[in-house]
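Hydrogens, waters and symmetry mates play no part in the numbers below; they use all other heavy atoms, side chains included. In the text below, chain A, chain B and the rest are named by the order of the sequence lines, each starting its count at 1.
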Protein chains: 2
Amino acid sequence: MEVKTAVTALTALAQESRLRVFRLLVRAGSDGQPAGEIADSLDIPPATLTFHLKELSHAGLIDSTREGRSIRYSIREQGVCELLTYLLQDCCNGQPELCGSKRKK
Amino acid sequence: MEVKTAVTALTALAQESRLRVFRLLVRAGSDGQPAGEIADSLDIPPATLTFHLKELSHAGLIDSTREGRSIRYSIREQGVCELLTYLLQDCCNGQPELCGSKRKK
DNA sequence: TCGATAATTTTACTATTATAGAAATATGGA
DNA sequence: TCCATATTTCTATAATAGTAAAATTATCGA
């Protein structure tokens, strides 16, 4: 992964509304959630949410598929994984987990 | 962890110079590196580097200790760990590793 | 205490990002 | 086709962040 790619992904996450969307989608699992539900859950105006969803999407952190009148968004596991790998590369004397055993469920 | 804390940490990482510093320090391990060396390695002017180190420091991602005329910076494992935990909370049906097995050394 | 070196603070300028109303577009049902 | 619903695009304004030169502070050795 290139520095700029990682910066794009981190910039996408470094904003309260987007981080809340991201975490909501992490919890939602692979089914994800339609834009309208996300807007309602997090109380974000539709136009604003669209702006943020696009940021997360361009950053490769979420996917979307149309489903009738709605568009369903979900976490893009690969993107998240690549980012974490990049962040922790060469850490901990070759053991890639910085804190695997301490991490809560 | 609170949303704002996580946003602060992610904002700190979401910038090319700071991400390069962060990754350099990840590689450096617990010994860390003095500011001057970091500035030389990454070709960043001292005043600019100080600004970025402060951001990383306020975000709880790095520590510093004076060592003679130099100040040595190093990764703050706990801060990094808490951030990752927050990001991936409740993911993967209770398995906290999003991509543990796929992560490169 | 003086000079040299290391890092920080101050400051000003530039650039980027967030927000959300209003209008536009896309879909499905009557 | 026409209407209601879901989301996006356009747009303008407000707020935040990045850069780095110049001056300042801290430490060490002579």
Side-chain angles (χ1 to χ4, degrees), chain A residues 3-25 28 31-74 76, chain B residues 2-25 28 31-76:
Chain A
V3 181
K4 289 184 199 295
T5 310
V7 168
T8 301
L10 289 162
T11 301
L13 294 172
Q15 205 279 332
E16 184 163 335
S17 297
R18 287 196 294 266
L19 184 53
R20 288 169 69 218
V21 170
F22 178 85
R23 300 219 318 144
L24 185 73
L25 291 179
D31 287 347
Q33 258 191 279
E37 271 186 30
I38 300 173
D40 289 346
S41 304
L42 303 181
D43 197 32
I44 298 172
T48 304
L49 180 63
T50 293
F51 170 81
H52 291 307
L53 287 171
K54 199 171 285 180
E55 295 281 309
L56 288 167
S57 191
H58 283 157
L61 296 172
I62 62 174
D63 280 325
S64 63
T65 50
R66 182 169 275 278
E67 206 170 69
R69 270 177 276 204
S70 299
I71 296 178
R72 181 172 287 271
Y73 287 87
S74 58
R76 183 165 165 270
Chain B
E2 300 215 349
V3 181
K4 287 183 201 295
T5 310
V7 167
T8 301
L10 289 163
T11 301
L13 294 172
Q15 205 280 332
E16 183 161 336
S17 297
R18 287 195 294 267
L19 184 53
R20 288 169 70 216
V21 170
F22 177 86
R23 300 219 320 146
L24 186 73
L25 292 179
D31 287 348
Q33 257 190 276
E37 272 186 30
I38 300 174
D40 289 346
S41 307
L42 304 181
D43 197 33
I44 297 172
T48 302
L49 180 64
T50 293
F51 170 82
H52 290 308
L53 288 171
K54 199 170 285 179
E55 295 281 309
L56 288 166
S57 193
H58 283 156
L61 295 172
I62 63 175
D63 280 325
S64 64
T65 51
R66 182 170 277 278
E67 204 169 71
R69 271 177 275 205
S70 297
I71 296 178
R72 181 172 288 270
Y73 287 87
S74 58
I75 285 291
R76 184 165 165 270

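Taking OG from B:Ser74 and CG from B:Leu61, the interatomic distance works out to 12.0 Å, rounded to the nearest 0.5 Å.
In this structure, B:Glu37 atom CD and C:dA6 atom P are separated by 11 Å, rounded to whole Å. To the nearest angstrom, P of D:dT8 lies 10 Å from CD1 of A:Ile38. Following rounding to the nearest Å, A:Lys4 (NZ) and C:dT16 (P) show an atom-to-atom distance of 12 Å. Atom-to-atom, CD1 of B:Ile71 to C1' of D:dA26 comes out at 9 Å; the value is rounded to the nearest Å. Rounded to an integer number of Å, the gap from A:Leu49 CG to D:dT7 P is 9 Å. In this structure, A:Leu53 atom CG and C:dA18 atom C1' are separated by 14 Å, rounded to whole Å.
For residues 36-53 of chain A, there are no salt bridge (Lys or Arg N to Asp or Glu O under 4.0 Å) pairs, not counting sequence neighbours.
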- Message: Apply side chain to side chain contact (heavy atoms under 4.5 Å, CB included) to residues B:Leu24 and B:Phe22 and explain how you reach the verdict.
- Response: CA-CA 5 Å; B:Leu24 186 73; B:Phe22 177 86; over 6 Å; no
- When you look at B:Ile44 and B:Ile38, which way does the side chain to side chain contact (heavy atoms under 4.5 Å, CB included) test go after all the steps? CA-CA 8 Å; B:Ile44 297 172; B:Ile38 300 174; 5.8 Å; no
- Dump the intermediate steps for side chain to side chain contact (heavy atoms under 4.5 Å, CB included) on A:Arg23 and A:Leu19, then the final yes or no. CA-CA 6 Å; A:Arg23 300 219 318 144; A:Leu19 184 53; 4.1 Å; yes
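Heavy-atom minimum distance, A:Ala35 versus A:Leu49: O-CD2, 3.2 Å.
Checking side-chain atoms of B:Arg72 against main-chain N and O of B:Thr65 turns up no donor-acceptor pair under 3.5 Å. A donor-acceptor distance shorter than 3.5 angstrom exists from the side chain of A:Gln15 to the backbone of A:Ser17, with no hydrogens or angles considered.
Side-chain nitrogen and oxygen atoms of B:Tyr73 include none within less than 4.0 Å of the OP1 or OP2 phosphate oxygen of C:dA6.
Shown for residues 57-70 of chain B: residues whose heavy atoms fall under 4.0 angstrom of DNA chain D, namely B:Arg66, B:Gly68, B:Arg69.
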- Protein heavy-atom contacts under 4.0 Å, written 5' to 3' over nucleotides 11-22 of chain D as B (base), S (sugar-phosphate only) or - (none), form the string -------SBBBB
